[in-house]
There are 2 protein chains.
Amino acid sequence: METHRRASLKDVAALAETSIATASRALSGTGYVAEATRQRILDAARTLNYQPNLRARGLRQRVSHSVGLIIPNLLNAYYTALADSISQQLAARGYHLLLSSTRDDAATEQETVVDMVGQAVDGLIWVPSTAETDLLTYLADQHTPAVAIVRRLANDPIDTVVFEDRAGSRAATQHLLSLGHQRIAYIGGDMMYSSNRDRWQGYLEALRQAGLELDESLVKLGTNRGTWGTMATNDLLRLDPAPTAVFVASNAIMPGVIRTLRQAGVSLPGEMSLICFDDVDWFSFSVPPITAISTAYTALAEAAVDLLMTRITGTSGGADRPPVFMEVNFEFVLRRSTAAPRTGPLQFRDLHLVEAASAEGVS
Amino acid sequence: METHRRASLKDVAALAETSIATASRALSGTGYVAEATRQRILDAARTLNYQPNLRARGLRQRVSHSVGLIIPNLLNAYYTALADSISQQLAARGYHLLLSSTRDDAATEQETVVDMVGQAVDGLIWVPSTAETDLLTYLADQHTPAVAIVRRLANDPIDTVVFEDRAGSRAATQHLLSLGHQRIAYIGGDMMYSSNRDRWQGYLEALRQAGLELDESLVKLGTNRGTWGTMATNDLLRLDPAPTAVFVASNAIMPGVIRTLRQAGVSLPGEMSLICFDDVDWFSFSVPPITAISTAYTALAEAAVDLLMTRITGTSGGADRPPVFMEVNFEFVLRRSTAAPRTGPLQFRDLHLVEAASAEGVS
DNA sequence: GGCGACTCTGAGAACGTTTGCATCATCCTA
DNA sequence: TAGGATGATGCAAACGTTCTCAGAGTCGCC
C-alpha cells in the first residue's frame, strides 16, 4: 500500500477483493453488481477516501464537464458580475468553470484560448478583444464550441450574446434630449470593441432623430479607463460654451469623470447632467445617485450558457445549427444626476459649493 | 483521417512518418531527434493544428500545472482583487487557475473542494468559511497541498496568509480616539470568521489602551452584508446620545451604512466620523472620500502563491516544513470622512443640508 | 433436459500522453 | 579492427478511468 499517492480505483478494487471493472460499475451505479459486492466496494472506497480522478475520466469519456470563461478584466465589476452569473448557471448544470482574464491583450488572449483548449474544456464563453481573429478557425479545428459575449465578432460567425448597446445608448441620449439638453458630450471607450461602436451609434441616432447636428468638439473617444475619463472631462470643461450634459459610455471611465467634475467644482445635476452606460453598485449611493443604463447580466449569462450547452450536447439542432445572435434587455434607471439644463454660463467654484449644489437634483 | 476529432500525437506521427515517441520528443524538445525529422514533425503538427491534450499529459506526469482558488464571493471587489493578483502570480509561474465561489455556504464549499481535488489540481488556495473542517484531513489524504488566506483555521494547521486585521483595526480605532471621539460605534461582520473576530479584538484593544470601557449599545455584530449595514446604522442613530464616530469593519457592509446615514441626513464628518476596514475604489470619489484601512492584496497573493509553490515543488524544505503563518501589511489611508467630534446633540435634517456639511472635513 | 433470459464478474482495450529501455547506425579513438 | 561513445529511433508500459465483450452461474419454462 503506497502511502504517497491518492487512492485509485485499483486500490479500492484490491481492498474489496474484486476487479477494477466491477468497482467502477459499483461506484458509478451502472450495470449489474451484486448487493454484497457493492457494499464491499463502497466501504473500501470510503476507508481509502477514494476520489475519482476526473482527468482520467475525461480522457476516457472525451468530455470534461468544464467550460472556460475568458474576460478582459477581473477588476471591473461589470465582468465579475457576469462571471458570477455564468458560474452559477454552469454549476447548476454540473459544469466547472475555468476563468481567466486577458487584460485586453491580444497575445494573452491567444495564449489563454490555446491553454483552455489544451485543458480540453468542453466549450468556451468568451469576450473577444478584437473583431477579427484567427482563433476562430483554430477553435473550429479543435472542435471546441464557443460563444462570444458582450462584444461581437465580424459577421457573428459563432453564437453571440450582447447587450442592447445601441438601443440603450439611444435611450440615454434621448433622456437628456427630452430634458432640453442640446450640447450633450459623449465620452466613449475604445472603438475597436463592437460594444463601444454600437453605443456610439446609438448616440448618433438619437441626435439625428432630434434633428441635431453633431458637434465634434463634444465627442471624446478614447479608452475604457478612468484616466481617460479624467482627460476627456478636463477637455470638455475648457470648451466655451461648455456642454450641459455628459453621457459616459462605460462605467470604467466614470471614476475619472466624477473625480474631475468634483475637483472643478461643477455641480451635478445643476450645472451638468451626467448619465452612464452600465450600472454598478456605487452609482446608487453616490452623491448625487447616478442615472444609468443597467444591463441584464443574468439574462446574458443564461442565454450564453444555454447556447453553449446545446452546442456541447448537440441537443435541439445543436451541432450544426447556424450561429445565433442575441441581444439582452437594458433597463433605464433614473436617479438624480440628470436634470434640465440651466441657463447661463458654467461657473467654476470650489468644492464646498459643489456639494451644496448637488442636492438640487430632480427627484 | 477522422474529421471529428482533434488531432492527436498519433496523427502527427503518422503524417510525419515517424513514431509517436519521436514526435513527442520533437515537440517537447527533450532527448535526441535528428534535425530533418524534427522539421517534418513540426510541419505536420502545424498543418494538423496539433494541440497537446493537457489532460492526458497531466495523467501521465501526475502534475496538472493548475491550482484551484476558492473564494466566498465574486461580487465583492475585495475578493476579485485578490483573485486578480493570484491569477497573475500563477500565470507568471506557468500555472492555470480554477476559480470557484462558495457564497459562504459550507455545503457548496465542501463540494467545490472535492471537485477541485477531483480535477487533480496541484494545490489549493482557499478562503475557509469555517475554522473547523474535516476537509483538512480530506486534503491530507488526497495529498493536495493547500494554503488558507484571509481567514484562519483553528490552530493554523496549514500554511496561512491573512491581513493584519487586529493591528489595522486598532489603528483605525486609535485614529478616531486621537481625534477626540469617545463614543465610537462598531459595525462588524460575522464573528464566525477569524478576520472579523480579529478586527473586533483590535477595536477592543484600542479602547482598553485608551482607558475607555466598552459600551455594548455601540456594538453591532451581524453579517457581512449591506443590509446589515442598514439595520445597524438605523439602530445606532436611534441611540441617545448617539455615537460620534462609526467604525465599519468590512467594505461589504458600507453601502448600507452610507445610504442610511444619507437618508437620515447625517453629515459626514461633521456630525459623524466614518472609517472602514478594507479600501475599495469608490471610497476615493465618494462624498466625502472615505478614510480607510487598505490591505495589501498583491502582497497577500504573492505570499500565498509562494508558499503553495514550495509545497508543490517540494523546494526549500517544501513538503514537510511545518505550517507557516503570515500576516501582510495594512496601510492607513486618511481621507475626509473623519474629523474631531463636534459638541452638541446630533440633529436629523433633510438631504440638502447633509451635503453642504460634508465639505467641512479635515484635509 | 435443453434453451433462452437474466445476473454477475473479470479481462483487456482504449483515451493521449511521457518515458525507460532496447536497438541500430555512425563515428571516434586506441 | 575492435570497441566504446554518441545520436537517432521505436516498442511498450504506465497514468486512472470507462466500457465492450465474453464467460459463468442461476433460474424458469417448454
Side-chain angles (χ1 to χ4, degrees), chain A residues 2 4-42 44-45 48-66 117-122 142-144, chain B residues 2 4-42 44-45 48-66 117-122 142-144:
Chain A
E2 303 89 326
H4 302 84
R5 241 187 48 232
R6 291 174 48 178
S8 79
L9 206 45
K10 184 153 69 170
D11 303 322
V12 175
L15 184 58
E17 294 179 311
T18 177
S19 73
I20 300 185
T22 308
S24 173
R25 273 190 290 260
L27 290 168
S28 67
T30 79
Y32 292 118
V33 36
E35 189 47 34
T37 13
R38 145 167 292 121
Q39 277 311 326
R40 278 207 326 275
I41 292 170
L42 260 42
L48 291 179
N49 243 317
Y50 169 72
Q51 188 59 30
N53 183 325
L54 299 184
R55 195 178 301 274
R57 175 182 294 170
L59 185 58
R60 170 63 221 233
Q61 312 205 72
R62 327 192 86 175
V63 168
S64 69
H65 279 273
S66 67
V117 170
Q119 295 283 349
V121 294
D122 293 343
Q142 307 295 330
H143 303 98
T144 303
Chain B
E2 301 90 328
H4 302 83
R5 241 186 48 231
R6 291 175 48 177
S8 78
L9 206 45
K10 183 153 70 168
D11 303 322
V12 175
L15 184 58
E17 294 179 309
T18 177
S19 72
I20 299 185
T22 308
S24 170
R25 274 188 288 259
L27 290 169
S28 67
T30 77
Y32 292 119
V33 37
E35 189 48 33
T37 13
R38 146 167 290 121
Q39 277 311 326
R40 278 206 326 275
I41 292 171
L42 261 41
L48 291 179
N49 244 317
Y50 170 71
Q51 189 59 30
N53 183 325
L54 299 183
R55 193 178 304 273
R57 175 181 293 168
L59 185 58
R60 170 64 219 233
Q61 312 203 92
R62 328 192 89 181
V63 167
S64 69
H65 278 274
S66 67
V117 170
Q119 294 284 349
V121 293
D122 292 343
Q142 307 294 330
H143 304 98
T144 303

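None of the values given here were measured: they were computed from a predicted structure. Proteins get letters first, then strands, A, B, ... in listed order; numbering begins at 1 in each.
- Taking atom CZ of A/Arg40 as the reference point, atom P of C/dT9 lies 8 Å away to the nearest angstrom.
- Using modelled atom types, no side-chain atom of B/Gln142 and backbone atom of B/Gly118 make a donor-acceptor pair closer than 3.5 Å.
- Protein atom CZ of A/Arg57 is 18 Å distant from nucleotide atom C1' of C/dG16, rounded to whole Å.
- Between A/Leu9 atom CG and C/dG10 atom C1' the separation is 13 Å, expressed in whole Å.
- Residues B/Thr18 and B/Val33 fail the side-chain proximity criterion, which asks for heavy atoms closer than 4.5 Å.
- Protein atom CD1 of A/Ile41 is 12 Å distant from nucleotide atom P of C/dC8, rounded to whole Å.
- Distance, B/Arg55 CZ to D/dT18 C1': 14 Å, rounded to whole Å.
- Two end axes, each from the C1' atoms of five base pairs, can be drawn for the helix from C/dG1-D/dC30 to C/dA30-D/dT1; they diverge by 60°, to 10 degrees.
- For B/Gln61, no side-chain nitrogen or oxygen approaches OP1 or OP2 of D/dA14 to under 4.0 Å.
- Backbone-only engagement by A/Thr18 is indicated by non-hydrogen atom pairs under 4.0 Å involving sugar-phosphate atoms exclusively.
- The main-chain N or O of A/Ala16 is found under 3.5 Å from a side-chain atom of A/Arg40 such that the two form a donor-acceptor pair.
- The two residues B/Asn53 and A/Leu59 have their closest heavy-atom pair at ND2-CD1, 4.2 Å.
- Closest contact between the side chain of A/Ser19 and the listed nucleotides C/dC8, D/dG10, C/dA11 involves C/dA11.
- Both B/Arg38 and B/Leu59 sit near DNA chain D, but only B/Arg38 has its closest nucleotide nearer the 5' end.
- Remark: side-chain polar atoms of B/Arg25 are not paired, donor with acceptor, to backbone N or O of B/Gly31 under 3.5 angstrom.
- Counting to the nearest Å, the P atom of D/dC15 and the CD1 atom of A/Ile20 are 10 Å from each other.
- Distances from the side chain of A/Thr37 to the nucleotides C/dT9, C/dT18, D/dT18 place C/dT9 closest.
- Atom CD in B/Gln119 sits roughly 16 Å away from atom P in D/dG16 (whole-Å rounding).
- Closest to the side chain of A/Arg62, from the set C/dG16, C/dT18, D/dA12, is C/dG16.
- Contact annotation: side chain of A/Arg25 to base of C/dG10, donor-acceptor pair present below 3.5 Å.
- In this model, the phosphate group of C/dT9 is not approached by any side-chain N or O of A/Thr22 to a distance below 4.0 Å at OP1 or OP2.
- The side chain of B/Ala34 lies closest to D/dT9 when the candidates are C/dT17, D/dT9, C/dT7.
- No donor-acceptor pair under 3.5 Å is formed between the side chain of A/Arg55 and the backbone N or O of B/Ser64.
- B/Ser24 comes within 4.0 angstrom of a base, heavy atoms only.
- As a whole-Å value, the separation of A/Tyr32 OH from D/dG25 C1' is 14 Å.
- For B/Glu17, the side-chain contact (heavy atoms from CB on, under 4.5 Å) criterion is met by no residue, not counting sequence neighbours.
- Of the listed nucleotides (C/dG16, D/dT17, C/dT9), D/dT17 has the atom at the smallest distance from the side chain of A/Tyr50.
- Scanning atom types as modelled, no donor and acceptor separated by under 3.5 angstrom connect the side chain of B/Arg60 and the base of C/dT17.
- Residue B/Glu35 is classed as having no contact, given no heavy-atom separation below 4.0 Å to the nucleic acid.
- Atoms OG1 and CG, from A/Thr144 and A/Asp122 in turn, are 8.5 Å apart once rounded to the nearest 0.5 Å.
- No engagement by B/Ser28 is indicated, since no non-hydrogen atom pair under 4.0 Å with the nucleic acid exists.
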